[in-house]
Amino acid sequence: MEQTLYIYNSITREKEKFSSIIPGHVGMYVCGPTVYSDVHLGNVRTFLTFDMVRRYLEFIGYKVRYVRNITDVGHLTGDSDDGEDKIAKKAKLENLEPMEVVQKYTNGFHDVMTIFNIGRPSIEPTATGHIIEQIEMIQDIISNGFAYVSNGSVYFDVRKFSEKFNYGKLSGRVIDDLLSNTRDLDGQDEKRDGLDFALWKKAEPQHLMRWNSPWGEGFPGWHIECSVMSTKYLGKEFDIHGGGMDLKFPHHECEIAQNVGATGHEPVRYWMHGNMLTVNGRKMAKSEGNGFTPEELITGNHKLLERGYTPMTVRFFFLMGHYASTLDFSNEALQAAERGYKRMTAAIQTLKQVTPSEKSDFDASKLREACYAAMNDDFNTPVLISELFEAVRVINSAKEGSIKLSAEQIEALTQIFQDFFYAVMGMKDEEGSGTSELTESLMQMIIGMRADAKANKDYATSDKLRDALAKIHVQIKDTKEGATWSYEG
RNA sequence: GGUCCUGUGGCCGAGCGGCUAGGCUCAGCUCUGCAAAAGCUGCUACUCCGGUUCGAAUCCGGACGGGACCUCCA
């Protein structure tokens with residue numbers, strides 16, 4: 001690789017030089033959604049973050065195998081024995097088959113990913129599709145002595161594990177602190193220890209999702225699917241594991257324990273955690289009631305939203321903050337991002353109209369280096385964007401004539417936007433709703449009429465035309481070369 | 001209560017030992033029939049109190065504020 005990439009590794013808490021296990025190839029696993037309800041915007045941020053990571057890795061020449069799972073079974077509602085499978089609960093509520101619920105929300109999730117131009121993973125495995133593999137890994141963990149069977153369920157023995165390995169390494173927990181904090185008063189508990197977590201749960205009679213296992217009918221525990229599927233598709237040790245910050249503990253911690261317990265291998269080289277989207281300083285979460293769906297965001301149909309925003313505005317907004325920092329949502333911030341985004345896309349269009357000069361006052365190669373430098377520094381998209389705005393100023397100045405650009409430099413700038421704005425940031429042009437041939441010729445007709453009126457100094461007519469167009473969200477801008485129009489719907 | 005993160009100009013948001021990030025907003029100017037757009041100029045900040053240093057927003061200690069995790073959560 002020509003680029004030297006640095007990644008902040010959550011488990012070492014340091015920025016580290018990235019080097020893949022197999023040269024030229026990267027294995028990346030990201031915890032996907034639990035498909036029992038609509039995704040909200042906070043979820044989208046995480047998937048968008050790792051979409052950007054994947055795009056950059058591919059851009060600098062890696063072949064990436066990107067695995068992102070669909071959790072369609074197994075997450076209990078609580079840490080108690082009477083906890084219900086979330087999906088089964090929802091199914092009863094809506095009178096649907098569990099797999100019908102799963103399908104419905106999986107489809108919805110895919111639609112949302114498409115809207116935000118978030119690429120599909122290379123492999124998108126489901127938990128229900130890997131029950132056999134999960135049972136096998138649980139058996140391995142048992143035979144290695146790190147799990148025990150209790151009343152038809154199987155639990156991971158955290159105490160036993162921590163005698164040999166470091167449980168809590170990723171999240172910085174100290175096992176004794178954890179014990180004093182999670183001590184359960186429930187004496188009936190099947191667990192030997194409050195910290196132990198389920199690998200396999202016995203299914204109660206009313207439980208809908210159930211599979212046969214060596215321990216009776218049941219379903220897999222909360223964390224085992226990720227260990228199994230990452231191992232199956234990426235190997236015992238792989239390059240990058242991503243997910244939201246809120247999964248660090250216990251989910252990712254348990255994943256490590258399971259992998260090490262089963263294979264003896266530390267599974268992940270680089271842990272990456274995306275930070276939360278907040279609203280008024282608080283985490284966006286279903287339970288807080290401050291989450292809105294992507295649909296609500298686009299239509300503006302939510303009490304927190306003054307109006308709607310396009311998907312690419314939101315994508316730009318997300319990328320304006322670093323993935324590892326919390327990002328606070330507000331209408332003001334969204335509107336600022338929207339204006340910046342429009343300014344940038346306008347400049348990309350403007351670049352096509354810049355007349356080349358013999359010589360050039362600008363050297364795009366330095367800018368290109370700066371773009372790489374920003375991304376190489378732990379995917380610093382806010383800095384990348386600030387570099388791109390440098391190019392915006394250059395383009396506009398060139399159009400205005402205050403600086404000169406050679407054909408070569410124009411080409412280089414075009415390529416920078418092609419590479420970093422479209423390929424790496426994953427932006428795409430949003431079609432206004434009036435770009436058909438008919439619309440275009442009608443607009444040229446109107447602009448021509450208005451130009452005639454202006455030539456005759458009939459400003460009443462020219463303003464009337466402009467105002468009328470403004471009412472249907474078509475904006476006219478007069479330039480030296482004549483008027484341009486754009487749809488601002 | 002425990003663990004960890006964080007506090008930057010009107011707003012958002014980078015930087016994390018010396019070199020005005022950037023975006024949005026606001027004001028002025030240029031251009032323009034008027035707008036809009038664009039360009040230029042201006043507004044130059046780092047919660048507070050100590051310390052280290054030739055030099056700190058940036059490192060260390062403390063105070064105060066905000067947040068995340070410790071339970072399903074991207």
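Below, chains carry the letters A, B, ... as their sequence lines are ordered, and counting in each starts from 1.
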Problem set entry | Euclidean distance, atom CD of residue A/Glu387 to atom C1' of B/rG15 [Å, nearest integer] | 12 Å
Problem set entry | 5' priority, RNA chain B, between A/Gly42 and A/Asp377 [closest heavy atom] | A/Asp377
For this session: Sticking with atom P, work out how far B/rU44 lies from B/rC11, rounded to a whole angstrom.
Result: 15 Å
Problem set entry | Aromatic contact, A/His252 with A/His223 (centres under 6.0 Å) | no
Exercise. Of the nucleotides B/rC70, B/rG23, B/rA21, which one has an atom closest to the side chain of A/Pro382?
Worked result: B/rA21
For this session: Mark this stacking check for A/Phe389 against B/rG23 as yes or no, applying ring centres under 5.5 Å and ring planes under 30°.
Result: no
Problem set entry | Steps toward side-chain hydrogen bond (donor to acceptor under 3.5 Å, both in side chains) verdict (A/Ser37, A/Lys286) | CA-CA 10 Å; A/Ser37 66; A/Lys286 232 159 258 156; 2.8 Å; yes
Exercise. Within the structure, does a side-chain N or O atom of A/Arg343 lie under 4.0 Å from either OP1 or OP2 of B/rC24?
Worked result: yes
For this session: Respond yes when some side-chain nitrogen or oxygen of A/Arg393 is under 4.0 Å from OP1 or OP2 of B/rA21, and no when none is.
Result: no
For this session: Check the distance between B/rC12's P and A/Glu306's CD and give it to me in whole angstrom.
Result: 14 Å
Problem set entry | Whole-Å gap separating P (B/rA74) and CD (A/Glu288) | 14 Å
For this session: Mark yes or no for a side-chain to base donor-acceptor pair under 3.5 Å between A/Asn380 and B/rG15, with no hydrogen or angle criteria applied.
Result: no
Problem set entry | Contact under 4.0 Å: A/Ser462 side-chain N or O vs B/rC34 OP1/OP2 | no
Exercise. Reckon A/Lys283 has a side-chain N or O less than 4.0 Å from the OP1 or OP2 of B/rC69?
Worked result: yes
Exercise. If you measure from the C1' atom in B/rC49 to the same atom in B/rU3, how many Å do you get, rounded?
Worked result: 26 Å
Exercise. Can you tell me if A/Glu16 and A/Tyr270 form a side-chain donor-acceptor pair at under 3.5 Å?
Worked result: no
For this session: Give a yes/no on whether any side-chain N or O of A/Asn43 is located under 4.0 angstrom from OP1 or OP2 of B/rA74.
Result: yes
For this session: Take the protein atom CZ of A/Arg339 and the nucleotide atom P of B/rG23, then report the distance between them rounded to whole Å.
Result: 13 Å
Exercise. If you look at every strand shown and take non-hydrogen atoms under 4.0 Å, does A/Met245 touch a base, only sugar-phosphate, or nothing?
Worked result: nothing
Exercise. Closest nucleotide of RNA chain B for A/Phe317 versus for A/Ile476: which of these residues is on the 5' side?
Worked result: A/Phe317
Exercise. Could you give the NZ-to-P distance, from A/Lys464 to B/rA35, as a whole number of Å?
Worked result: 22 Å
For this session: Select base, sugar-phosphate, or nothing to describe what A/His40 touches, counting heavy atoms under 4.0 Å on all strands.
Result: base
For this session: Would you kindly check if the NZ (Lys) or CZ (Arg) of A/Arg68 is within the cone defined by 45 degrees around the ring axis of A/Tyr29 and under 6.0 Å from the six-membered ring centre?
Result: no
Exercise. So, A/Asn275 and A/Thr326: side-chain donor and acceptor under 3.5 Å apart, yes or no?
Worked result: no
Exercise. Under 4.0 Å between a side-chain N/O of A/Arg282 and OP1 or OP2 of B/rG67, yes or no?
Worked result: yes
Problem set entry | Axial cation check for A/Phe389 ring with A/Arg343, 6.0 Å and 45° limits | no
For this session: Decide yes or no, distance alone: a donor-acceptor N/O pair under 3.5 angstrom between the base of B/rC34 and the side-chain of A/Arg466.
Result: yes
Seminar exercise, completed: Whole-Å distance, A/Lys248 NZ to B/rC73 P, equals 16 Å
For this session: Please report the C-alpha distance between A/Lys404 and A/Asp361 in whole Å, then the side-chain angles of each, then the deciding distance to 0.1 Å, and finally whether the salt bridge (charged side-chain N to carboxylate O under 4.0 Å, His left out) criterion is met.
Result: CA-CA 5 Å; A/Lys404 294 185 193 314; A/Asp361 298 324; over 6 Å; no
Exercise. Considering only the P atoms, how many Å lie between B/rU58 and B/rC46, rounded to the nearest integer?
Worked result: 11 Å
Exercise. Below 4.5 Å, heavy atoms only, C-beta onward: do A/Arg159 and A/Arg192 meet side chain to side chain?
Worked result: no
For this session: Assign A/Leu327 to base, sugar-phosphate, or nothing according to its heavy-atom contacts below 4.0 angstrom with the strands shown.
Result: sugar-phosphate
For this session: Mark yes or no for a side-chain to base donor-acceptor pair under 3.5 Å between A/Asp328 and B/rC12, with no hydrogen or angle criteria applied.
Result: no
Exercise. For A/Pro220, does its backbone N or O pair with a side-chain atom of A/Gln134 as donor and acceptor, under 3.5 Å?
Worked result: no
Exercise. For the side chain of A/Lys286 and the base of B/rC72, is some donor closer than 3.5 Å to an acceptor across the two?
Worked result: no
Exercise. So what does A/Lys399 touch, heavy atoms closer than 4.0 Å: a base, only the sugar-phosphate, or nothing?
Worked result: nothing
Exercise. Touch check for A/Glu390, heavy atoms < 4.0 angstrom, all strands: base, sugar-phosphate only, or nothing?
Worked result: nothing
For this session: Using a heavy-atom cut-off of under 4.0 Å over every strand shown, decide if A/Ser397 touches base, sugar-phosphate, or nothing.
Result: sugar-phosphate
Exercise. Across the strands shown, which category fits A/Met284 at heavy-atom distances under 4.0 angstrom: base, sugar-phosphate, nothing?
Worked result: base
For this session: Only stems of 3 or more consecutive Watson-Crick or G-U pairs count here, both distances under 3.5 Å; name the ones for RNA chain B, or none.
Result: B:1-7 with B:64-70, B:10-12 with B:22-24, B:26-30 with B:38-42, B:47-51 with B:59-63
Exercise. How close or far is atom C1' of B/rU32 from atom NZ of A/Lys457, stated in whole angstroms?
Worked result: 12 Å
Problem set entry | For atom CE of A/Met272 and atom P of B/rA74, their distance in whole Å | 18 Å
